[in-house]
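Inspection log for the structure reproduced underneath, given as structure tokens.
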Amino acid sequence: MQRVPAIELSHVSKTFQLNDGRNILALDDISLAIREGEFVALLGPSGCGKSTILRLIAALATPSAGQIRVEGVAPAELSRAHRLGVAFQDAALLPWLSIAANISLPFRLAGYPVDQARVDDLIRRVGLADFAHARPSQLSGGMRQRAAIARALVLSPEVLLLDEPFGALDAVTRRSMNLELMRLWSAQQITTLLITHDVAEALFLADRIIVLRPRPGRIAHEVDVPFPRPRDAAIMRTEQFHSMADTLTNMLADGFDEQA
Amino acid sequence: MQRVPAIELSHVSKTFQLNDGRNILALDDISLAIREGEFVALLGPSGCGKSTILRLIAALATPSAGQIRVEGVAPAELSRAHRLGVAFQDAALLPWLSIAANISLPFRLAGYPVDQARVDDLIRRVGLADFAHARPSQLSGGMRQRAAIARALVLSPEVLLLDEPFGALDAVTRRSMNLELMRLWSAQQITTLLITHDVAEALFLADRIIVLRPRPGRIAHEVDVPFPRPRDAAIMRTEQFHSMADTLTNMLADGFDEQA
Amino acid sequence: AETPSLPVVRLKLGWIANVQYAGEWIALDHGFFRNQGLDVTWTAGGPNAPDPAVMLAAGRADLSYMSWLPFLDAVARGNDLVILGTEMPRNPLGVISLPAHPVRVPRDLLGLRILAQGINETTSINAVLAIAGLPQKWTFVPAGFSPDPLLDGQGDAFVGFDTNQKLTLEMMGLKQDRDFIFTNFADLGFVTPAALLVTTRAYLAQNRPRVVAFLRGLIQGWTFNETDPAVAARLVVEKYGEDYGFDLDQQILQNRSQIPFTHYRGMPSRPLLSLDRDMMAGPMYAAARAAGRTALPDIDRIADFTVVPEAFKGI
Amino acid sequence: MKYVTRFRAAITATVGFAIVLVLWQVIGSTKLLGPTFPPLSSVIASLTVPYRRHLYIRASLATLSTAAWGYGIGQAGGLATALLGHLLPFCRAGLDRLASVIHAIPMIALGPLFMAVLSPAWAGTAIAAIGVFFVSYIAGCTAIESAAPTHRDLFQIFGASPLRRLWLLDVPSALPALVTGLRQAVPVAFLGTILGEWFGSAHGLGLLILSAMENFQIALLWSTVILCCGLSLVIFVLLGYVERIVGRHYR
Amino acid sequence: MKRFLACWWGPCLLLLAWQVGVQASGVNQIVMPHPMAVIMDIASNPLVYGRAAARTLLVAVPGLTAGLAMGGMLALLCQFSAVMEYLLTPLAMMLSSIPVVAIIPVLSRLFGYHMTTLVVIVAIICFLPAFVYMHAGLRSVPAGSLDVFSVFGASARMRLLLLRLPASVPSCMTALRIAAPTAILASLTAEYLMQTGGLGALFRITTAEFRSERAFGCSLVAMVLSVCCFFVALHAERAVTRRWQ
Ligand SMILES: Nc1ncnc2c1ncn2[C@@H]1O[C@H](COP(=O)(O)OP(=O)(O)OP(=O)(O)O)[C@@H](O)[C@H]1O
Ligand SMILES: Nc1ncnc2c1ncn2[C@@H]1O[C@H](COP(=O)(O)OP(=O)(O)OP(=O)(O)O)[C@@H](O)[C@H]1O
Ligand SMILES: [Mg+2]
Ligand SMILES: [Mg+2]
């Protein structure tokens, strides 16, 4: 008997209306199942509907057609139970709270007592220990993004959705954040969906990579990542890693050419 | 007799005050000279002061100590003479102007007649020909960034400052923009300072790469890039390129480890 | 445009442009002023308008209507003003009270809660008590234009006009002496005319013929008014006060009820507009002293009793 | 879908209005607030009687023209002063204080004074202008500084002269806040005009309110108040549309 | 002194213009008194002015507080229920387009010529900016923050307490800045029209008695109070806004 997938999209479409009345088919007949504890990365050219998929799973939007289930229930149930963690591409920190207060916000929203030790631990892990009491406006772009990642993780969610969370980070910080995320994920096996522009990042972190193609947004390819876990940075220097990265880049470029 | 450097920072420091009263030394005793027509890339971990250096050179901030000269004069002179081009990390387009009008804005600001041929050429080069009359809000993030780059270049500035201009682009679009920038730069040899997170991008474009390390922001390494010009995408597949990329990544990682 | 060369006389009314100025409206409409060779212009007053004395002092009016006590105050502040006559020798202001606490003599005011609109009304009460040698024992309850707080029991008496609030009550269906009592201030011992016609001494000295001519036209107007109270009311509603949205019936009623106040009581032969020297020297000065005005100027310094008779001679 | 929600909002707003009106009728006809608060029906009756039509039109036109002059003069003065403060930053603090002091001069003192030294026709205009001046100065100052910091950086980098910056950046980005200020000043202009009319004007809705009160014409009083609110509301709502359009364009 | 002049040259010029204007035109002092006479009157009768000013403040401060509280509460109600929103928004729009001071006589007739009526009037006048700005402020949440609250499963209460209320603080301060000086001036006008004590009534009485220096003195005191309120509120607003960016 197969277990229920943690996240399941069946024949999901999403249409947007532009204000001149035209309809845009952002997603067209997407079917996708993510197992519990699986790490899936979503790749695709700009504007192909990646963020839209994430917003549908987070119940921030409703599909125009098709159905979405998260752990067998409607997606809104999950956030209502405080079992969802999300980091958006822009950090969306509250400007009047300090970094520490922003990171402990999910505790307050859930009505749980704030686990200060966990908050401090996460602040340290994302390298912001010195800035716990600074305001978001006093941080650089990359620092703000790291705070948003810490906030997504602080409640130990069962499902984690990350929308290009490392976009504003330099390569090294990015890799170290990748490693940190890998460590946290290994300890808990959170079901994770990661949107990224970085092929290497996707290969390093994910169990499975889904490549979207644009206009309308459709699944172009699915690639299983064969590297055994636990992984460390060394795999990124292997021949297989490089060749897979090239393959994926070509897949993306195909999508791009079709678009142009 | 040596010629005057195009950009010269001597013993520049910059201190910020956090709201808990603590001072942050964002830049500490930075000395740096950029020759006329040189392309320098700035690498460094998040929060090490890259954007701050750029803002100092653009006269958007004043150093707490030290001196900055651009072509022998104070940096503010340069922008006053309309000889500076800048692209920020966020596109900063005027929302009420069309893309074409945004790109021709520097002409109007300088009081020059608009060179429509040049504007059209640049719009074409950054791949926005179909969107010349669209408004910024109708473009995706990546498209907006490309418009900002075109705007920075439109006056054929003598000094070009780019703050992570390709950050919101997917890998494929990014490479094609790199090639376009290379072509434009080769034709005019503008003195350029590029902030980037992408080591390969820095190696492909720059004559010299400066690696910063954080807390306080200091110059950690300077690396001359040996690849002969004109370069094409093929050099990115050479052994030397890969090994230099690894070296630079390690240099960055050093800085990061010190930080942590 | 037809008579551009006529000399202009600027009149400042003491109140809004209602039927209270019936004589003026008739004189304007029937050309009584024009026949006298005058072009009379006017500006209305109102509850919040600057005092006529201010307009005289600022040189924005030549003639104006004033009350007795403010007139004295303005003179005391160094304005050389002269009273020429009075439109209403009998003041319609009085006290409206309910049968439960009827006010007929000054003593009845003691201990009452009295609804009044402003300083003019409260001064009158205080003067009545002072003249009667009684203590100032009453409570001021601020009120507005309408007498219905009296009916609500918010006060025991209401200071109002015979020609206005009393009519309002009657239009509500109440009857005088059965449902309410109205006692004029003159009957309580406080005698002042209501509308004194005032100018500056300088203007009178330089333009005496003009002033006389004005008075002639005005007297003709008031005389005409007595023949048909509806004429002036209609002029107010349809022409001069058309922007006030007056009710014609109410204006006719008010005009009819105000006509007796333009005559001296018991002296029907006294000409219209004339100021009685004895009344001024006697009750009016007494009232001023009772209201706390000291160092009153000599009567001939502030009044000219010859202008109105001169005007009458020419009619 | 957008249209559906907008339609629903309009319907519910109408229902909201209707409830308010019904409440008025009920309170008025039960005399819950005394004889000074008449039922809506008698107010409407008084508003629609034919013989008063000309009166209402005349009064409205008089008030509108006074208010319009005051509004125009006040806006021009306020915006010019705000611009002056923007161009000459060293006078800014002084102008701030001057504006707040002018705003603080009580209208009850100014009204009679203007009446005596200006003419009755200009007193209302002057009072309205002073009120509008302050609102438009404050709105102008906020608006002219609402350009995004990154855009300001951009203009500095491209070496824009102060005048070009004003014309190409400060003014366009000020427009939305400016229109908001234009809108907020409308009731202020009406208020100033009506107060001015109380201090001895010979026309206008303010005069009508006053005289209706003095003569206990309660229905006339309320219908004038309604007329006054209606006029102000119409302009307010029209400017609300302009505000929305400008906001969409410049944000 | 130099710094004082740099900030206050405007009002000083105004005062100078007044003095010169009165002197040059030679108008009677019942039209316009000399500024020196006014200042002397204030200086020699501090008790008279103090008592009247205290009464005015006694109207203005409770009125301001009540108005701000009411406006804030109703704006909150609008957050909670769509029905309230649709009922209140047109009402508020209607009210905000009405020159409320213009119907003071009507209101005083409705509620009686008491101190409470004065407070009610001031409260109505202050209610409007509070409602409008709070209403806008409760909506001006930072971009993306509503999504954040939604994915972390915040309850409506949490959304209000931790997001909307803090986000509305700057707007709240703006409302205060606009309402505070207006409260003083509105109570002055209401006292004048209703003649119920305070600076406004003193103004009316003294005007009627042609004691223009006392009347102008009342205006001057009210002006100073109002300007003080404005600047106190302005500084509070600036301090808060800086923190909120
Ligand atoms: N609210 C909206 N209204 C109209 N169209 C929208 C809306 N949101 C998204 N779209 C459209 O849907 C398509 C997919 O957008 P989406 O944000 O999911 O792209 P993406 O894959 O996340 O791109 P990027 O990599 O640039 O973030 C785009 O064409 C976009 O124009
Ligand atoms: N306005 C400010 N107030 C206080 N501190 C600031 C301010 N601006 C920058 N800083 C601090 O200065 C340091 C350098 O910031 P900067 O923005 O230059 O970093 P960066 O190298 O551009 O980083 P990133 O790659 O993340 O954009 C950071 O530690 C930041 O906290
Ligand atoms: Mg996206
Ligand atoms: Mg930066």
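We name chains A, B, ... by the order of the sequence lines, and we start the count at 1 in each one.
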Quiz item: Which heavy-atom pair separates D/Leu168 from B/Leu94 by the least distance, and what is that distance?
Solution: O-CD1, 4.0 Å
Practice problem: Find the one option among B/Pro157, B/Gly85, B/Gly111 whose heavy-atom pairs under 4.5 Å with chain D are most numerous. | Solution: B/Gly111
Quiz prompt | Sequence neighbours excluded - salt bridge (Lys or Arg N to Asp or Glu O under 4.0 Å) pairs with any residue from residues 41-69 of chain B | solution = B/Arg55-D/Asp153
Practice problem: Give, as side chain, backbone, both or neither, the part of B/Leu97 having an atom under 4.5 angstrom from any heavy atom of chain D. | Solution: neither
Self-check item: Those residues that, when tested against D/Phe114, pass ring pair (Phe, Tyr, Trp, His ring centres under 6.0 Å) (two or more places apart)
Solution: none
Exercise. Check the surroundings of atom CH2 in D/Trp69: do more than 12 heavy atoms from other residues, nucleotides or ligands lie under 6.0 Å from it?
Key: no
Exercise. For D/His86, look at atom NE2 and say whether over 12 heavy atoms of other residues, nucleotides or ligands are found less than 6.0 Å away.
Key: yes
Quiz item: Between B/Ala152 and chain D, which part of the residue has a heavy atom less than 4.5 Å away: side chain, backbone, both or neither?
Solution: backbone
Quiz item: How far does CG of B/Leu60 sit from CZ of D/Arg152, to the nearest 0.5 angstrom?
Solution: 12.0 Å
